[in-house]
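Everything on this sheet refers to the single structure shown next.
Throughout, numbering of the chain's residues begins at 1 and tracks the sequence. Remember, it's a predicted structure, so these values are computed and weren't measured experimentally.
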Amino acid sequence: MLYNMVFIKVLVYLSSATCTMNLQNLTNGSKLPSRDFANPPNRCRQFHKKTYMKILIFLLLFFLLGCKSYIVEYDKNGEPKLGKNMNYIFTEKPSVENLKKIDTTAYYIQIFEGRYYNENEIKNPMVLEFHNDGFYKDSSLKYYKNFSYRTKETIWYGGKYKISGNTIELESFAPSNGSKTKIYIRTFLKGRIVNDKIIFDDKKNNSLISVYQKKHKLE
């Protein structure tokens with residue numbers, strides 16, 4: 001949306017600027033006769049076309065470089081799986097010291113603190129399960145056992161995590177828009193480990209506050 005707004009504003013500005021420039025006498029700066037206003041020269045239209053194309057290409061490149069996207073394929077269950085060159089940045093396995101800060105034998109279930117939660121959220125809290133190899137599973141309490149066929153190669157399984165001090169960061173892939181698509185982007189979410197809780201309040205990524213508490217049973 002931001003890129004579209006910038007693009008439109010640039011086009012509007014250049015449209016008025018280039019027309020004004022082409023309707024000026026280049027020798028003395030005076031305006032051309034009125035007949036030229038009614039029938040602007042072809043070079044003005046050609047200039048517009050070339051300028052618009054350059055701007056469009058520039059903005060497309062700017063967007064792609066600023067937010068790299070990936071092409072995914074769907075498996076036999078209709079779920080997206082990691083495509084070519086979709087490697088996680090977090091490659092290191094958690095150290096022994098880091099595994100003391102997170103319990104890989106427990107579930108971290110969403111509790112309702114820090115903000116308003118709607119009825120659907122309360123009925124079906126999210127669940128995180130961390131593994132020793134650096135992967136984590138992301139599901140919900142209501143549907144936790146419904147997707148046992150999901151593997152770590154599928155995007156909806158979860159992703160990978162990294163711990164540094166009391167900070168935990170999650171890496172995953174998400175669709176580029178709300179509908180079914182083959183275009184996915186890489187996402188990160190940062191949180192804090194506070195005793196038996198994990199608090200995600202990543203203001204940098206404009207994420208909602210989410211609080212998870214360690215439990216040894218799914219309840």
Side-chain angles (χ1 to χ4, degrees), residues 2 63-70 72 79-118 120-122 124-145 147-148 150-176 184-219:
L2 176 60
F63 175 79
L64 291 174
L65 290 173
C67 188
K68 188 174 180 179
S69 57
Y70 303 87
V72 304
E79 299 198 352
K81 60 183 181 180
L82 296 173
K84 295 180 180 179
N85 302 320
M86 289 182 72
N87 299 314
Y88 287 106
I89 294 175
F90 298 163
T91 56
E92 293 185 8
K93 293 183 178 181
S95 65
V96 174
E97 190 65 29
N98 286 335
L99 289 175
K100 293 178 181 179
K101 301 172 183 176
I102 201 83
D103 193 341
T104 57
T105 66
Y107 305 100
Y108 285 82
I109 301 177
Q110 186 180 24
I111 58 176
F112 309 108
E113 297 180 355
R115 64 174 175 87
Y116 168 79
Y117 294 85
N118 62 44
N120 290 331
E121 289 178 297
I122 295 173
N124 189 28
M126 301 303 295
V127 179
L128 296 176
E129 183 181 357
F130 298 93
H131 306 309
N132 293 331
D133 60 0
F135 280 88
Y136 74 91
K137 182 179 180 179
D138 185 2
S139 187
S140 67
L141 187 60
K142 188 176 181 180
Y143 301 107
Y144 189 83
K145 297 180 180 180
F147 304 101
S148 57
R150 287 179 179 170
T151 66
K152 295 174 184 178
E153 286 71 39
T154 58
I155 290 175
W156 290 346
Y157 180 87
K160 300 200 75 173
Y161 70 94
K162 180 178 71 173
I163 297 174
S164 178
N166 290 322
T167 299
I168 184 169
E169 193 169 2
L170 307 183
E171 178 188 2
S172 62
F173 291 93
S176 58
Y184 274 63
I185 59 175
R186 190 188 305 272
T187 66
F188 296 93
L189 182 64
K190 188 176 291 186
R192 296 175 287 119
I193 302 173
V194 183
N195 299 320
D196 65 342
K197 294 181 180 179
I198 300 176
I199 303 171
F200 294 102
D201 53 356
D202 195 348
K203 296 179 181 179
K204 182 179 178 181
N205 291 320
N206 297 318
S207 64
L208 293 174
I209 293 175
S210 296
V211 183
Y212 293 77
Q213 188 167 32
K214 182 175 74 173
K215 295 183 180 182
H216 287 281
K217 294 183 179 180
L218 287 172
E219 55 183 15

Derivation and outcome, side-chain contact (heavy atoms from CB on, under 4.5 Å), residues L128 and Y161: CA-CA 11 Å; L128 296 176; Y161 70 94; over 6 Å; no

A174 and T187 have their tightest heavy-atom pair at CB-CG2, 3.9 Å

Is it the case that more than 12 heavy atoms not belonging to N85 sit under 6.0 Å from its CG atom? no

Between D103 and T105, is there a donor-acceptor pair closer than 3.5 Å when you use the side chain of the first and the backbone of the second? yes

Show the nearest heavy-atom pair for residues Y157 and R150, with the distance to one decimal. CD1-O, 3.6 Å

Would you say the side chain of H131 lies within less than 4.5 Å of the side chain of P94, judging by non-hydrogen atoms? no

Under the 3.5 angstrom rule, does the side chain of K101 hit a backbone N or O of G165 as a donor-acceptor pair? yes

Can you tell me if N124 uses its side chain to pair, donor with acceptor, with the backbone of K142 under 3.5 Å? yes

Rounded to the nearest 0.5 Å, what separates atom CG in L99 from atom CZ in F130? 11.5 Å

Roughly how far apart are E153 CD and L82 CG, rounded to 0.5 Å? 7.0 Å

Interatomic distance, CZ@F147 vs OG1@T154, rounded to 0.5 Å, equals 11.0 Å

Going through the checks in order, is the side-chain contact (heavy atoms from CB on, under 4.5 Å) test met by L218 and L141? CA-CA 7 Å; L218 287 172; L141 187 60; 3.9 Å; yes

Expected output: side-chain S148 to main-chain K145 donor-acceptor under 3.5 Å: no

Considering all heavy atoms, the nearest G114-I209 contact: O-CD1, 3.9 Å

Return the CD to CD distance between E113 and Q213, rounded to the nearest 0.5 Å. 7.0 Å

With side-chain contact (heavy atoms from CB on, under 4.5 Å) as the criterion, how do R192 and I199 come out once you've worked through the C-alpha distance, each side chain's angles and the decisive distance to 0.1 Å? CA-CA 5 Å; R192 296 175 287 119; I199 303 171; 3.6 Å; yes

From the list V211, I102, V127, side-chain contact (heavy atoms from CB on, under 4.5 Å) partner of Y108 resolves to I102

Could you tell me whether Y184 and F173 have their ring centroids closer than 6.0 angstrom? no

For N98 and I163 the tightest heavy-atom approach is ND2-O, 3.4 Å

So, S95 versus E97: side-chain donor-acceptor pair below 3.5 Å or not? no

About how many Å separate CD1 of I111 and CD1 of I122, when rounded to the nearest 0.5 Å? 12.5 Å

Just verifying a value: how many Å separate K215 NZ and D196 CG, rounded to the nearest 0.5 Å? 10.0 Å

What pair of heavy atoms forms the shortest contact from Q110 to Y117, and how long is it? NE2-CE2, 3.7 Å

Please name the pair of heavy atoms, one in E169 and one in F90, separated by the smallest distance, quoted to 0.1 Å. O-CE1, 3.5 Å

Anything under 30° is parallel, anything over 60° is perpendicular, the rest tilted; go ahead and classify Y88 against F135. perpendicular

Trace of the side-chain contact (heavy atoms from CB on, under 4.5 Å) decision for M126 with D138: CA-CA 7 Å; M126 301 303 295; D138 185 2; 3.5 Å; yes

Is it true that Y212 and Y107 have ring centroids separated by less than 6.0 Å? no

Would you mind checking if R186 and E171 are paired as a salt bridge, meaning a charged N to carboxylate O distance below 4.0 Å? yes

